[in-house]
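I have placed the structure first, in the form of structure tokens, so that the comments after it can refer back to it.
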Amino acid sequence: MSVTVRAKILILMGVSGCGKSTIARLLADELGWPLLEGDEFHSLANIAKMRGGVPLSDTDRLPWLDAIAGHLAQWRGAGGAGIVTCSALKRRYRARLVADCKDAWFVYLKGSPDLIRSRLVKRLGHFMPVDLLESQFAALEEPDSGERAITVPVAGSPVEIIGEIVSRIPHLA
């Protein structure tokens with residue numbers, strides 16, 4: 001008999017500009033869950049690199065991923081729930097984030113390069129330049145059937161996106 005575990009941690013993932021922060025804030029309000037903005041865990045060196053148009057390497061990303069994973073472990077240890085934003089572009093990054101956490105689900109916010117580029121051009125005050133978008137799509141490994149993940153298109157309104165997330169994550173609705 002298969003038992004579906006209640007989702008307690010949602011990781012909103014995808015390339016820069018896909019709407020992770022916007023959707024996460026609204027979803028956190030909807031569910032009454034705490035929100036962790038993954039960008040806040042980047043080192044100053046990583047932020048400077050990205051601002052300068054240099055893509056992060058796997059080595060650059062590991063301390064960032066470990067910091068986020070540590071916070072998720074605290075939530076799990078306390079029996080809490082939460083939402084985190086993190087690009088989590090590669091499968092090994094996602095595995096590192098959740099390790100043995102059976103109650104974590106990834107929500108891949110998927111958009112076309114043209115749609116995402118149009119959003120990034122309008123975005124103000126973020127360290128991620130539009131020029132790095134191509135490198136993000138190049139690094140992206142979309143979640144596969146072996147991962148606890150759903151794919152949600154981002155062309156709709158935030159209300160539509162949140163509705164789809166809530167209806168598709170096990171025992172969330």
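Given the structure is predicted, the values throughout are model-derived calculations rather than measurements.
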Atom of [X], atom of [Y] and distance for their closest heavy-atom approach:
X   : Y    : result
F41 : A67  : CD2-CB, 3.6 Å
W64 : C86  : CH2-SG, 3.5 Å
S16 : I116 : O-CG2, 3.1 Å
W33 : I9   : CZ3-N, 4.4 Å
A88 : L97  : CB-CD1, 4.0 Å

### Query
Where do V98 and I11 land on the side-chain contact (heavy atoms from CB on, under 4.5 Å) test, with the steps shown first?
CA-CA 9 Å; V98 297; I11 303 166; 3.6 Å; yes
### Task
Quick one: do R119 and V154 satisfy side-chain contact (heavy atoms from CB on, under 4.5 Å)? Show the steps, please.
CA-CA 11 Å; R119 290 179 176 185; V154 296; 3.8 Å; yes
Heavy atoms, side chains only, cut-off 4.5 Å: are [X] and [Y] in contact?
X   : Y   : value
D58 : D60 : no
M13 : L89 : no
L36 : T85 : no

Give, for atom [atom1] of [X] and atom [atom2] of [Y], the distance between the pair rounded to the nearest 0.5 Å.
X    : Y    : atom1 : atom2 : result
K110 : L115 : NZ    : CG    : 12.5 Å
W105 : L12  : CH2   : CG    : 13.5 Å
R94  : F106 : CZ    : CZ    : 6.5 Å
S87  : L65  : OG    : CG    : 7.5 Å
I150 : I169 : CD1   : CD1   : 4.0 Å
K49  : S43  : NZ    : OG    : 9.0 Å

Side chains of residues 19-26: which donor-acceptor partners sit under 3.5 Å, not counting sequence neighbours?
residue: K20; atom: NZ; partner: G14; partner atom: O; Å: 2.8
residue: K20; atom: NZ; partner: V15; partner atom: O; Å: 3.0
residue: S21; atom: OG; partner: E37; partner atom: OE1; Å: 2.8
residue: S21; atom: OG; partner: E37; partner atom: OE2; Å: 3.0

Any sub-3.5 Å donor-acceptor pair from [X]'s side-chain atoms to [Y]'s backbone N or O?
X    : Y    : answer
T151 : Y108 : no
R76  : A81  : no
K8   : A104 : no

### Task
Output, in order, the C-alpha distance, side-chain angles, deciding distance and verdict of side-chain contact (heavy atoms from CB on, under 4.5 Å) for V107 and R168.
CA-CA 10 Å; V107 176; R168 292 183 55 206; over 6 Å; no
### Task
In plain terms, say whether E141 and K90 are close enough for a salt bridge, that is, a side-chain N and a carboxylate O under 4.0 Å apart.
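Not counted as a salt bridge, because no side-chain N and carboxylate O are separated by less than 4.0 Å.
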### Message
Between the side chains of D103 and R148, is the shortest nitrogen-to-carboxylate-oxygen separation below 4.0 Å, so that they form an ion pair?
### Response
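Salt bridge: no.
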### Task
Walk me through it: do E164 and I161 pass the test side-chain contact (heavy atoms from CB on, under 4.5 Å)?
CA-CA 5 Å; E164 184 164 348; I161 294 167; 5.9 Å; no
